[in-house]
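Written out below as structure tokens is the structure these notes cover.
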Amino acid sequence: MIQARLRTRISQEALEAKIGKILGPEDFNILLTGPTKLLKPNGHPLVIYLPGALLHESNDPTIYDTFHSLKGIRTENRGAASGSRRVKSGSGNKSRALPVPSSIIGAFDSAGHQKYCRLTAWTGANLPQWETLRPFLQGVARHFKTHLPDRYAVQMQQVEATYPEWVVPGTPFTTVTVNNTYPTGVHQDAGDLEEGFSTLACLRKGSYTGGNLVFPKYRVALDMQHGDLALIDAHEHHGNTAIHCACGERRNGMCDECGAERISVVSYFRANMTKCGTYPEESGKAMAAADARNRKRLAAERDAATTPAEATP
Ligand SMILES: O=C(O)CCC(=O)C(=O)O
């Protein structure tokens with residue numbers, strides 16, 4: 001495996017100007033196609049690129065179909081990664097970005113208005129399919145352990161401190177983001193374990209160009225092919241380039257006409273999962289929150305029904 005220590009290639013100002021933007025070939029000098037370990041200027045790992053490392057698992061039709069089946073789920077919560085600006089939505093502090101085909105599966109900690117840990121909606125509703133992904137995620141874990149044993153061990157310590165119902169068995173992962181055929185704008189991941197490491201695998205069908213995973217600060221990119229795995233420092237700015245198939249540019253989902261599809265699978269440990277109670281404890285919190293919401297709604301309906309008509313000007 002080639003190993004190189006990188007230098008920062010653009011100023012902080014130039015890097016910040018790229019946040020939320022979709023990158024192109026002008027943003028990198030080197031496109032990696034073979035196994036490579038890249039270190040940052042401080043000697044810490046940036047990327048370990050392992051082409052074809054997950055070919056066997058990616059060729060399993062059950063696994064492919066499960067990842068593919070998520071293509072219809074879109075989210076407005078990807079912020080800069082959606083490649084769009086967040087816009088204010090309704091009253092209050094809510095904002096939304098361009099909806100993109102990206103889903104979170106596995107477990108999620110208490111965040112936003114959901115003050116309890118849970119399996120994400122798709123996961124809870126599709127447990128058998130979620131379980132079919134285990135061999136794939138265990139494959140990612142094996143390569144992680146082999147190539148970054150220190151980071152793996154740190155992540156496994158956090159796994160030990162977490163109730164097993166929130167962890168993918170035989171892996172250091174609680175959570176997986178699955179993206180389908182869109183260029184992620186420049187962003188840094190958040191919420192995953194700082195001292196651990198992230199992983200990005202790619203599954204592909206059909207023919208397209210682009211979709212290179214770029215680290216613009218260092219002007220390097222990975223030519224992610226079907227079955228490739230990259231262990232990545234996702235706290236460094238990254239994004240992937242525009243995807244073009246025979247039918248044109250794919251900004252938002254796979255091409256049904258020519259069948260071109262790029263699925264990226266990001267597996268990680270959510271740092272706050274160590275704070276979650278057991279599954280029954282967290283389900284109890286979820287039910288109490290739903291009860292409170294219902295009571296509030298009923299009270300509002302009752303108030304509306306009892307307001308005297310004369311009070312209306
Ligand atoms: O699909 C890719 O190459 C990047 C995905 C990514 O960075 C993310 O989901 O946060």
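Just so you know, ligand 1 is whichever comes first in the structure, and atom 1 is the first atom listed for that ligand. Because the structure is predicted, anything quoted here is derived from the model rather than measured.
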Q. Can you name the residues that come within less than 4.0 Å of ligand 1, going by heavy atoms only?
A. R78, N179, T184, H187, D189, L200, L213, H238, N240, R262, S264, V266

Q.
Between the side chains of E301 and R297, is the shortest nitrogen-to-carboxylate-oxygen separation below 4.0 Å, so that they form an ion pair?
A. yes

Q | Residues clustered with I10, ILVMFWY side-chain links under 4.5 angstrom | A | L15

**Q.** Joint hydrophobic cluster, L38 plus L229, side-chain heavy atoms closer than 4.5 Å
**A.** no

Q: Applying side chain to side chain contact (heavy atoms under 4.5 Å, CB included) between F215 and each of V220, V186, L23, report the one that passes.
A: V220

Q: Tell me whether the centres of the aromatic rings in H187 and H238 are closer together than 6.0 Å.
A: yes

(Q) D233 and side-chain hydrogen bond (donor to acceptor under 3.5 Å, both in side chains): which single residue from R151, H44, K40 fits? (A) K40

